[in-house]
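This report refers to the structure that appears directly beneath it.
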Amino acid sequence: MVRDDIKLSIEQAMAAAQAGGALPDIEWPAVEVLRPKQTGHGDYSTNVAMVASAAARKAGGNVNPRAIAQAIADHLPADGPIGSVEIAGPGFINIFLADEWLRRQVPKIVEAGSSFGNIDQGRGQHWQVEYVSANPTGPLHYGGARNAAIGDALANVLEAAGYTVQREFYVNDAGNQFNIFAATLYARYAQLLGRDEPIPEDGYAGDYMIDYAQGLVDEYGDRFLTMEKSAAITELKVLGEEIVLAALQAQLAKLGVHFDRWFREQSLYDSGLVDMVLEKLRVQGDLAERDGAIWFLASNYPKVEKDEVVIRTNGMPTYFASDIAYHYEKFAVRGFDRVINVWGVDHQGHVPRMAAVMTALGLDPGRLTIVLHGLVKLIRDGKEVKLSKRRGTIITIGEVVDEVGADATRFYLLSRGPESPIEFDMNLAVAESASNPVFYAQYSHARICSIAVMAPTKKVTPDFDNVALELLTDPAELTLIRKLLELEEQIETAVEKLSPHNLTFYSLELARSYNAFYRDCKVLDADAPALSNARMYLCEAARIGLAKTLALLGVSAPDSMYAEVEL
RNA sequence: GCCCCUGUAGCUCAGAGGAUAGAGCAUCGGCCUCCGGAGCCGAGUGCACAGGUUCGAGUCCUGUCAGGGGCGCCA
């Protein structure tokens, strides 16, 4: 990565300056290289001279930060990425990338193709991203779409950073909610067959339950009315789960989200893992009986105030019991190096308890990270739409995707930090979907593809084996290359912050750089074949960068935008 | 009451202690002898409030105010 190379050069320059006596022999601060906001301040800049000056003052010396900066600058290598260096302001060292070096990066981008931007950070470590994990009791509502978009993009970005990633959906099919779901399904099924069977209290009133039941009627007729009600519900649990998981899968596919594994909570009971892990905790003294229930003594651990019930008075385990076993399974059985759980903030109270669970299981809590995201407040016709699966007042992902489009939806949901709450006005979203910024990035990609198609009619024949890179001298060309080279840093940032939304902004910046290039530099010119060839080569690099960025976000990179209009 | 998150342009939101705080939408004004005008160029308005730390604060700390969430033998 360029930034790391520059950082290393600065460190070496500092050491060389010290060895040569140009700088005092003191303990140096860590070098930080950052990108200045002002373009006039270079591609990269470091404040190390200012920090070093303060350190020197503390050590009894008194060295002007600008003098330190100059001494460092004098020892920077002349070849490589660093073109020129300026000392500015109170002691900033501003570094400008060399044009010649920039041009040499274009072939590297084209040769890397879809792996362009990838960084070797994960070194094959096995990470898991668990996301969505909505209750399997009905269609996904809009809030689930945000979770899906974040989790999916996060997994993409981690893969680009060299991690081996598993995408997992945890299916809560063992709890009370799922029992109620099955009972509701039974009632709807019976009603469809003419029996007066009321929906259970706290049942799921949404019409989609009728659709699910209709599917059962179509396939099985009245079979489940001919048996004992409880036996019927037991069978409907299995069939209902299949139906609802298929529905979830279809909805998520609409958003372009796919999972490697659907992990069933019930399997933790079937395998005996829940009992095993609870026994382990009991032996360790992490469990206690109180008021007839079994509690996990979470308050013995840091930052946790309350204990948590694992076995209810009625002998039924809580979701928390299986959650403990589930996380034990992730680390101790499957051996993930790290696990990222994507949750809505409404689960925030659960976070410190999970750290306590990890510690109690003898696992490093640092291996489990919870990414919390703000909830989505849906506005329709000027009023907030309260989401409730029970009452059936939900707007599903499918509805949103149908109205707004998958690309626009994902892009919108990823255009802000996870912790930021989102107010989503459906009417506005539909009205604005045509001018959604996602199309700006996609349009640039389509434009590049269009140029390649147009080339023969302009009598330009690309020859990417013989590219005269030295002809790429226009400021717009060099700016575009600079912007492309940022991708690695953008991926690094997204991984570090576990938040991929910076990539949405990057895709727009890259598109903007391309459009500026397109404006200033005529690509197809039969009178200048060598220049046309070099520019087509640069176009291909830009196309690769745009396609890669959009792919990380889970957004398509179309060859043409015309099809969109015809819809 | 206690805990967490959020407060940046008219609106929706970016902003890794650094130099003159950005984008989209909206508004206003320009640009089609052009490889795709879903484009380009330009204009206006902003860090909730009050202290503090620092050479330097939108960013860190404390307090106030406002909005959201959590504090279940629900998940």
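Computed from heavy atoms alone, side chains included, the values below leave out hydrogens, waters and symmetry copies. All chains are named by letter (A, B, ...) in the order of the sequence lines, taking the proteins before the strands, and each is independently numbered beginning at 1. These numbers come from a predicted model, not from an experiment.
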When the [atom1] atoms of [N] and [M] are considered, how many whole Å apart are they?
N	M	atom1	answer
B:U8	B:G15	P	13 Å
B:C11	B:U54	C1'	36 Å
B:C3	B:A43	C1'	46 Å
B:G70	B:U62	C1'	24 Å
B:C60	B:A23	C1'	26 Å
B:G56	B:A19	C1'	10 Å
B:U53	B:U59	P	15 Å
B:C41	B:C65	C1'	43 Å

Tell me whether the OP1 or OP2 atom of B:A21 has a side-chain N or O from A:Lys37 closer than 4.0 Å.
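For B:A21, neither OP1 nor OP2 has a side-chain N or O of A:Lys37 closer than 4.0 Å.
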
Between A:Lys306 and B:G72, is there a side-chain N or O to OP1/OP2 distance below 4.0 Å?
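Affirmative; the distance criterion is met.
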
Whom does [N] pair with, Watson-Crick or G-U wobble, provided both distances fall under 3.5 Å?
N	result
B:U33	none
B:A16	none
B:A21	none
B:G63	B:C49
B:C71	B:G1
B:C28	B:G42
B:U54	none

Classify the side chain of A:Asn47 and the base of B:G18 as holding, or not holding, a donor-acceptor pair under 3.5 Å.
yes

How close or far is atom [atom2] of [N] from atom [atom1] of [X], stated in whole angstroms?
X	N	atom1	atom2	value
A:Tyr131	B:A75	OH	C1'	21 Å
A:Gln348	B:C2	CD	C1'	13 Å
A:Glu308	B:C73	CD	C1'	9 Å
A:Gln38	B:G22	CD	P	7 Å
A:Arg535	B:C35	CZ	P	15 Å
A:Ile451	B:G39	CD1	P	16 Å
A:Tyr412	B:C13	OH	P	6 Å
A:Leu508	B:A38	CG	C1'	13 Å

Please assess A:Cys521 against A:Glu477 for the test side-chain contact (heavy atoms from CB on, under 4.5 Å), listing each intermediate value before the final yes or no.
CA-CA 8 Å; A:Cys521 303; A:Glu477 292 168 333; 3.8 Å; yes

From A:Ile150 CD1 over to A:Asn147 CG, what is the distance, rounded to the nearest 0.5 angstrom?
6.5 Å

Nearest listed nucleotide, side chain of A:Ser420, among B:C5, B:G36, B:C13:
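For the A:Ser420 side chain, the nearest candidate turns out to be B:C13.
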
Of the candidates B:A16, B:C74, B:C73, the side chain of A:Thr493 sits closest to B:A16

With a 4.0 Å cut-off on heavy atoms, is A:Lys522 in touch with a base, just the backbone sugar-phosphate, or nothing at all?
base

Could you tell me whether A:Ser45 contacts a base, only the sugar-phosphate backbone, or nothing, with contacts defined as non-hydrogen atoms closer than 4.0 Å?
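Answer is base: heavy atoms of A:Ser45 come under 4.0 Å of a base.
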
Distance alone, cut at 3.5 Å: any donor-acceptor contact between the side chains of A:Ser322 and A:Glu265?
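Judged by distance alone, the side chains do pair up.
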
Check whether the side chains of A:Asp323 and A:His350 place a donor and an acceptor atom closer than 3.5 Å, and report yes or no.
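Short answer, yes.
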
When you look at A:Glu509 and A:Glu486, which way does the side-chain contact (heavy atoms from CB on, under 4.5 Å) test go after all the steps?
CA-CA 10 Å; A:Glu509 288 170 17; A:Glu486 265 187 52; 4.2 Å; yes

Closest-nucleotide ordering on RNA chain B, the 5'-leading residue of A:Ala516 and A:Ala88:
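Taking each residue's closest nucleotide, the earlier one in sequence belongs to A:Ala88.
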
Quick check on RNA chain B: between A:Arg290 and A:Pro421, whose nearest nucleotide comes earlier from the 5' end?
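The residue whose closest nucleotide sits nearer the 5' end is A:Pro421.
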
Please verify the inter-ring angle class for A:Tyr170 with A:Tyr326; under 30° counts as parallel, over 60° as perpendicular, anything in between as tilted.
parallel

I want to check a possible cation-pi pair here: A:Arg447 against A:Tyr518, using under 6.0 Å from ring centre and within 45° of the ring axis as the test.
yes

